[in-house]
Peer 1: 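Structure provided below as structure tokens; questions to follow.
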Amino acid sequence: MVLLAAIYVVMWGGGIFHYVAFGKPPLDAPWAASLFLLLAGVIVLGTTSVRRDWPSLLGAAALGFASEIHGVKFGLIYSPYEYTQVLQPHLLGVPVVMFSAWLVLLAYTKQMLAPLRLPVWLEAVFAAVWMTAIDLVIDPLAANQLGYWRWQQGGSYYGIPLHNFVGWFGVSLVIFLVTRQRWQPNVWAQYVGLSITIFFSAIALSFGLRLPALIGFGLCLLHVSLFVAQRRA
């Protein structure tokens, strides 16, 4: 796990540097994004309790991935969109690494809120808001400069339909309401989730996307505040 984490950190740092300095991935390698997301998922899954938390985490990620398949096929949940060939391979029109992306973000959000011991419904609402805020950071880049997917109809938020964020909130809310059990603490999931937020926030800032960058760094500040509060408690 330490070796995988080291590779992940190198890709993370190299990716930020290359995007900030040159506006493109290192060596023009389109496979790097898929490998980066896959590594993130493997690290989170590999540090999660196999017997206790794997079924819940994998089930939650599967729901998110299924919503993507439905979204690509019917365009009802997130507004009509389609994935490009940047992230490979595809399964039913959706990149397989999107399963890893859902897994990482769901684990991260749940891990950050779990110590607060909120009622299930309130934790689900806060988690869905957090997930939607992360999407506000990632989507402007993914749908434009990074070219991971494209919308069939434009929208007011960097060309993204507001319908997408309503759908993201709704799907996340359902997932967290279904996933009720408390997971074992996993600092790796917290660190990987934070690194993803920093990664896209820094790249957004380098491309002049100030609002997504501001939201992203605000989420990082929230992470640090909760971390400090938990340590003191």
Side-chain angles (χ1 to χ4, degrees), residues 8-9 11-26 33 36-37 40 44 64 78-79 81 86-87 98 101-102 104-113 115-116 118 122-151 153-173 176 189-231:
Y8 176 82
V9 169
M11 293 191 69
W12 179 83
I16 290 179
F17 171 77
H18 221 270
Y19 272 114
V20 171
F22 306 108
K24 58 184 180 180
F36 178 71
L37 290 174
V44 171
Y78 304 109
S79 188
Y81 71 107
V86 174
L87 300 176
M98 291 308 296
W102 274 98
V104 169
L105 295 182
L106 290 169
Y108 169 57
T109 308
K110 195 171 179 69
Q111 286 288 337
M112 290 305 301
L113 293 175
L116 300 179
L118 300 171
L122 188 57
E123 181 181 288
V125 171
F126 283 167
V129 170
W130 199 325
M131 289 282 290
T132 305
I134 294 175
D135 198 43
L136 287 167
V137 179
I138 294 176
D139 266 24
L141 285 164
N144 295 294
Q145 286 84 356
L146 302 184
Y148 294 168
W149 56 78
R150 64 172 66 93
W151 302 98
Q153 302 169 356
S156 57
Y157 185 75
Y158 298 96
I160 303 166
L162 294 180
H163 179 185
N164 167 70
F165 302 109
V166 175
W168 189 266
F169 175 84
V171 170
S172 299
L173 181 63
F176 284 112
Q190 295 183 20
Y191 292 152
V192 171
L194 177 62
S195 72
I196 294 290
T197 306
I198 295 174
F199 183 87
F200 283 99
S201 300
I203 296 176
L205 187 61
S206 73
F207 280 117
L209 304 178
R210 296 179 181 177
L211 182 54
L214 180 62
I215 295 172
F217 288 124
L219 290 173
C220 294
L221 182 60
L222 176 60
H223 175 113
V224 173
S225 300
L226 286 175
F227 180 81
V228 171
Q230 292 165 18
R231 287 294 182 180

Peer 1: Taking it one step at a time, do Tyr191 and Val9 satisfy side chain to side chain contact (heavy atoms under 4.5 Å, CB included)?
Peer 2: CA-CA 11 Å; Tyr191 292 152; Val9 169; over 6 Å; no
Peer 1: Looking at Leu209, Leu214, Ile215, which hits side chain to side chain contact (heavy atoms under 4.5 Å, CB included) with Pro212?
Peer 2: Leu209
Peer 1: Gly64 and Trp102: which non-hydrogen atoms are nearest, and at how many Å?
Peer 2: O-NE1, 3.4 Å
Peer 1: State, to 0.1 Å, how close Ser201 and Val137 come at their nearest heavy-atom pair, and which atoms those are.
Peer 2: OG-CG1, 3.9 Å
Peer 1: Name all residues meeting the ring pair (Phe, Tyr, Trp, His ring centres under 6.0 Å) criterion together with His223; count only those two or more places apart in sequence or in a different chain, and write none if there are none.
Peer 2: Tyr108
Peer 1: Are the side chain of Tyr157 and the backbone of Leu136 linked by a donor-acceptor contact shorter than 3.5 Å?
Peer 2: yes
Peer 1: To the closest 0.5 Å, what do you measure between OG (Ser206) and NE2 (His18)?
Peer 2: 12.5 Å
Peer 1: Using the salt bridge (Lys or Arg N to Asp or Glu O under 4.0 Å) rule, collect all pairs that involve residues 122-151, keeping only residues at least two apart or in two chains.
Peer 2: Glu82-Arg150, Lys110-Glu123, Glu123-Arg182
Peer 1: Test of understanding: with ring pair (Phe, Tyr, Trp, His ring centres under 6.0 Å), list the residues that count as partners of Phe217, not counting sequence neighbours.
Peer 2: none
Peer 1: Closest approach of Tyr8 and Ala40, non-hydrogen atoms and distance?
Peer 2: CE1-CB, 3.7 Å
Peer 1: Can you give me the closest heavy-atom contact between Asn164 and Ile160, atom names plus distance?
Peer 2: ND2-CG2, 3.9 Å
Peer 1: Mind checking the CZ-CH2 spacing from Phe176 to Trp130? Nearest 0.5 Å is all I need.
Peer 2: 10.5 Å
Peer 1: Just say parallel, tilted or perpendicular for the rings of Tyr78 and Trp168, cut-offs at 30° and 60°.
Peer 2: tilted
Peer 1: Apply side chain to side chain contact (heavy atoms under 4.5 Å, CB included) to the pair Ile134 and Leu219, showing each step before the final yes or no.
Peer 2: CA-CA 8 Å; Ile134 294 175; Leu219 290 173; 3.8 Å; yes
Peer 1: Between CE of Met98 and CG of Leu37, what distance do you get to the nearest 0.5 Å?
Peer 2: 7.5 Å
Peer 1: Specify the closest pair of heavy atoms between Gly216 and Thr197, including all atoms of both residues, with the distance to one decimal.
Peer 2: O-CG2, 3.5 Å
Peer 1: Evaluate side chain to side chain contact (heavy atoms under 4.5 Å, CB included) for Phe165 paired with Ser79, printing each intermediate quantity in order.
Peer 2: CA-CA 9 Å; Phe165 302 109; Ser79 188; over 6 Å; no
Peer 1: Between OH of Tyr158 and CG of Asn144, what distance do you get to the nearest 0.5 Å?
Peer 2: 10.0 Å
Peer 1: Applying side chain to side chain contact (heavy atoms under 4.5 Å, CB included) to Met131 and Leu106, what does each step give before you reach the verdict?
Peer 2: CA-CA 8 Å; Met131 289 282 290; Leu106 290 169; 3.7 Å; yes
Peer 1: Has Trp151 got a side-chain atom pairing as donor or acceptor with Pro161's backbone, closer than 3.5 angstrom?
Peer 2: no
Peer 1: From Phe169 CZ over to Thr132 OG1, what is the distance, rounded to the nearest 0.5 angstrom?
Peer 2: 6.0 Å
Peer 1: Distance check, rounded to the nearest 0.5 Å: Leu205 atom CG versus Ile16 atom CD1?
Peer 2: 11.5 Å
Peer 1: Looking only at non-hydrogen atoms, find the nearest pair between Leu141 and Ala204 and report the distance.
Peer 2: CD1-N, 3.6 Å
